[in-house]
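Predicted, not measured: the structure shown is a model, and the values here were computed from it. Each chain gets a letter, A, B and so on, in the order the sequences are listed, and its residues count up from 1. The basis for the numbers below is simple: all heavy atoms, side chains too, and nothing from hydrogens, waters or symmetry mates.
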Amino acid sequence: MNYWLLKTEPDVFGIDDLAALGKLAEPWNGIRNYQARNIIRDQIKTDDLALIYHSSCKNVGVAGIGKVVSEAYVDPDQFDPESVYFDAKSSPEKPKWFRFDLRFVKKFSAIVSLPEIKSNPELANMVLLKQGRLSVQPVKDNEWKLICQLAQRKS
DNA sequence: GCCAACGTTGGC
DNA sequence: GCCAACGTTGGC
């Protein structure tokens, strides 16, 4: 099983929105970056776990945990001219973009903030800190464990 | 295939 | 709202 970090803007869709769905899954759509696409298409598997990271907001950081409940599948939004995620260069024969379904697992009692992550030497190699703009990224076992511990400590 | 111009992400 | 980082586009 693998660990991931998924960025999302809480003003659009955050941990509370995922929690509100309960056991229903949310399609993690709209990823339009090739590096993130390749990770989704080739690496993300059912039962993997993901840190939900809130970006572009007041309290930036990891807000909770979600679980992958599908394999990668073709994102239908890319064929819908009405969708903001429409891509005229993609076709059903040769789809460019993929998505997967995510289910709520838990919300941290407090955000594990970006400054907190930055100040922890054991987290210095997180992709989050190395590569600012990747919205789907791998998390190492020890990083996962430590962030969960930091979250636990707040409760 | 290079690279300048442009667009987007995302922290602050 | 600013701007640095960096991905994408398109002319040549």
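Side-chain polar atoms of A:Glu71 and A:Thr46 form a donor-acceptor pair below 3.5 angstrom.
Note on A:Lys67 versus A:Asp47: salt bridge recorded, some NZ/NE/NH1/NH2 to OD/OE distance being below 4.0 Å. Ion pairing between A:Asp87 and A:Lys96 holds under the 4.0 Å rule for side-chain N and carboxylate O.
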Let me have the donor-acceptor pairs involving side chains of residues 130-138 of chain A, under 3.5 Å, with sequence neighbours excluded, atom names and distances please.
unit_1: A:Gln131; atom_1: NE2; unit_2: A:Gln35; atom_2: OE1; d: 2.7
unit_1: A:Gln137; atom_1: OE1; unit_2: A:Leu128; atom_2: N; d: 2.6
unit_1: A:Gln137; atom_1: NE2; unit_2: A:Leu134; atom_2: O; d: 2.9

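Scanning DNA chain C 5' to 3' for nucleotides with an atom closer than 4.0 angstrom to a non-hydrogen atom of chain A gives a first and last hit of C:dA5 to C:dT9.
Taking a 4.5 Å side-chain heavy-atom cut-off between Ile, Leu, Val, Met, Phe, Trp and Tyr, the cluster of A:Tyr85 extends to A:Val84.
Remark: A:Gln43 CD is packed, more than 12 non-hydrogen atoms of other residues, nucleotides or ligands lying under 6.0 Å away.
Contacts of A:Lys58 with the nucleic acid, taken as non-hydrogen atoms under 4.0 Å apart, are absent. Among the heavy atoms of the strands lying under 4.0 Å from A:Ser56 is at least one base atom, whether or not backbone atoms are also near.
The side-chain hydrogen bond (donor to acceptor under 3.5 Å, both in side chains) search around A:Lys7 returns none, not counting sequence neighbours. Take A:Trp144 and apply the side-chain hydrogen bond (donor to acceptor under 3.5 Å, both in side chains) test, not counting sequence neighbours, and it matches no residue.
Of the residues in residues 89-100 of chain A, not one comes within less than 4.0 Å of DNA chain B through any heavy atom.
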